[in-house]
Amino acid sequence: MLDIKFIRDNADLVKKAAVDKKVTCDVDRLLEVDNQRRQLQTELDSLRTKSREGGQQMGSYRNPKSAWYRKAIESGRTEDDIKAEADKAQQELNDIKQRIKPLEEKEREVLDEFNNLMLTIPQPPAAEVPLGVDDTDNVELRKVGEIPSFDFGLKDHVDLGEQLGIIDIERGVKLAGTRNYALKGDAFLLHQAVLRLAVDLMMERGYTPMQVPVLVREEVMYGTGYFPVGRDQAYLCERDQMSLVGTAEVPLTAFYSEEILEESQLPIKMVAVSPCFRREAGAAGKDTRGLYRIHLFDKVEQVVICPNDEAESIKYHQEILANSEALMQKLELPYRVVNVCTGDLGQGQVQKFDIETWMPSRNSYGETHSASRFYEFQARRLKLRYRDSEGKLRFCHTLNNTVVASPRVLIPLMELNQNADGSINIPPVLRPYMNGKEKIGPANQ
RNA sequence: GGAGAGGUGGCAGAGCGGCUUAAUGCACCGGUUUGCUAAACCGGAGUGCGGGUUCAGACCUGCACCGCGGGUUCGAAUCCCGCCCUCUCCGCCA
């Protein structure tokens, strides 16, 4: 969410952001409603003042012990005089009340519309974000690692996994429908190994490991910017008005919502591993084979909450990107970093870097990480604030990035480490997490 | 699922129709006193949204806010109704 004052002063910038980000919102209507809202408030404020003052005077009329009442009697007025005056004042107060009532109703309506419109306004992207329509317009920043060449025909992770008996998509689909799967034996262990390696790396780097709720109240989804835009991507538990999260970014970023932190507590660096639930609405027919696009996966996510300062934000954005790159290098996976274009940015994101990892079966780099910074967009919705060195309350800045998401990362891990006989070499860094095992082969099933 | 208690400022905690501009304490900021610190004393401070003055830092001013939403009343933290949340005990349970 943006500050309404900022929107008023920068309406054109916000409109441009909406166009560039392909976000639907009506800035003009918002400004109109904002005007209505302010006019109504001015009107109501003065009526309420009159009403309050009149009400207080009424107390004096009605209470013979009040200072005003005694003074009136002393100055020769009769009780009947006072009563008459009180009745007259009463009439006036009733009139004021009658005028207030419809205005308050109107105010409720206007505020409702105002708040709903505010939730749809996008955060303008940073100047360095390339203009573009979709992910094909993302700009490659760098490539790291060599794409290996093989002297035999490659199998994809589905064939490898099924032949080794460690991935069972058919039965996953039987249980839960398309985009579901099961991992068995070494695939399960590899999955766990990658997650644990990622957590350990983040702990070394000073991030606090956390276990957090993945079924959360809807306010939390609104607060992090996943609702109302994107509500169709979430699994809802309507009976309990709860939502399953698509990422631990949600509970981590909202962890300190509605709180006032001390500046000395910042930055807060957190890491969590959680299941991620995604409906993939609108993705029908896309990436249908294998473990690329699935309804449930596990992800290690890093979140930073830092002071309201652009330079700090940028610094931590680089940091969380570097953390994930370090992991990919440990895993010896070739990847590239792209600067995500305007059309591929989310509503609240200021800037986003994706890490894409080489996936032989796609014959391309596939997205495995997404590092975003938000300025105060999420913090403002979440009421996540801190007291700065001057004692002023300010909204925090928030950032997040994938550390690793599995089983998607198993795609490059399995495909790039395969041998001609269909066995898979385990990268050295993962072996300690797999009882020292070096290879997944048919004998291991 | 059943029963009970409760939600008040950064925190603790009183108030239960007009004397509240929310007491008091702690924490916080400024000052006085004092070898220094501490203590003591004095004073100041909330959040949000408007309006106005100013080049600005700031300053002046109004309204709202005692879990949320309605209602009663001239007037509600206080009374009534609905909802949400938290805690305790019991039941069930990994």
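Chain letters run A, B, ... following the sequence lines, proteins first, then strands; residues in each count from 1.
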Provide the distance between the two P atoms, one in B:C11 and one in B:G67, to the nearest whole Å.
13 Å
From B:G50, B:C74, B:G70, pick the nucleotide closest to the side chain of A:Arg8?
B:G50
Using the closest heavy atom to pick a nucleotide of RNA chain B for each, name whichever of A:Thr42 or A:Gly55 lands nearer the 5' end.
A:Gly55
Hey, which of these two, A:Ser51 or A:Gln39, hits RNA chain B nearer its 5' end, going by closest nucleotide?
A:Gln39
Test item: A:Tyr226 and A:Gln233 side chains (from C-beta on) under 4.5 Å apart, heavy atoms:
no
In whole Å, what separates the C1' atom of B:U37 from that of B:G43?
22 Å
Is the distance from OP1 or OP2 of B:C85 to the nearest side-chain N or O of A:Arg217 less than 4.0 Å?
yes
Nearest-nucleotide pick for A:Leu393, side chain only, options being B:C74, B:U47, B:G50
B:U47
Evaluate whether atom NZ of A:Lys106 has more than 12 neighbouring non-hydrogen atoms of other residues, nucleotides or ligands under 6.0 angstrom away.
no
Determine, for A:Asp34 against A:Arg8, whether the closest basic-nitrogen to carboxylate-oxygen distance falls under 4.0 angstrom.
yes
When you compare B:C55 with B:G71, how far apart are their P atoms, in angstrom units rounded to a whole number?
45 Å
Give the rounded distance in Å between these two atoms: CD of A:Glu105 and P of B:G70.
10 Å
Within the structure shown, what part of the strands sits under 4.0 Å from A:Arg394 by heavy-atom distance: base, sugar-phosphate, or nothing?
nothing
For A:Glu53, which residues count as a side chain to side chain contact (heavy atoms under 4.5 Å, CB included) partner, sequence neighbours excluded?
A:Thr49
In whole Å, what separates the C1' atom of B:G9 from that of B:C66?
9 Å
Can you check whether A:Arg38 has a side-chain N or O nearer than 4.0 Å to OP1 or OP2 of B:C49?
no
Ring centroids only, cut at 6.0 angstrom: are A:His317 and A:Phe353 within range, meaning strictly under it?
yes
With heavy-atom distances below 4.5 Å as the criterion, would you say the side chains of A:Ser243 and A:Leu215 are in contact?
no
Which atoms of nucleotides 62-68 of chain B (N or O only) lie under 3.5 Å from a protein N or O atom, and what are those distances?
from, atom 1, to, atom 2, distance (Å)
B:G62, O3', A:Thr49, OG1, 3.2
B:G62, N2, A:Gln41, NE2, 2.9
B:G62, N2, A:Asp45, OD2, 3.3
B:C63, OP1, A:Thr49, OG1, 3.2
B:C63, OP1, A:Arg52, NE, 3.4
B:C63, OP1, A:Arg52, NH2, 2.7
B:C63, O4', A:Asp45, OD1, 3.3
B:C63, O2', A:Asp45, OD1, 2.9
B:C63, O2', A:Arg48, NH1, 3.3

If the C1' atom of B:G62 is compared with that of B:A5, how far apart are they to the nearest Å?
40 Å
Between A:Lys352 and A:Arg373, is any pair of side-chain heavy atoms under 4.5 Å apart?
no
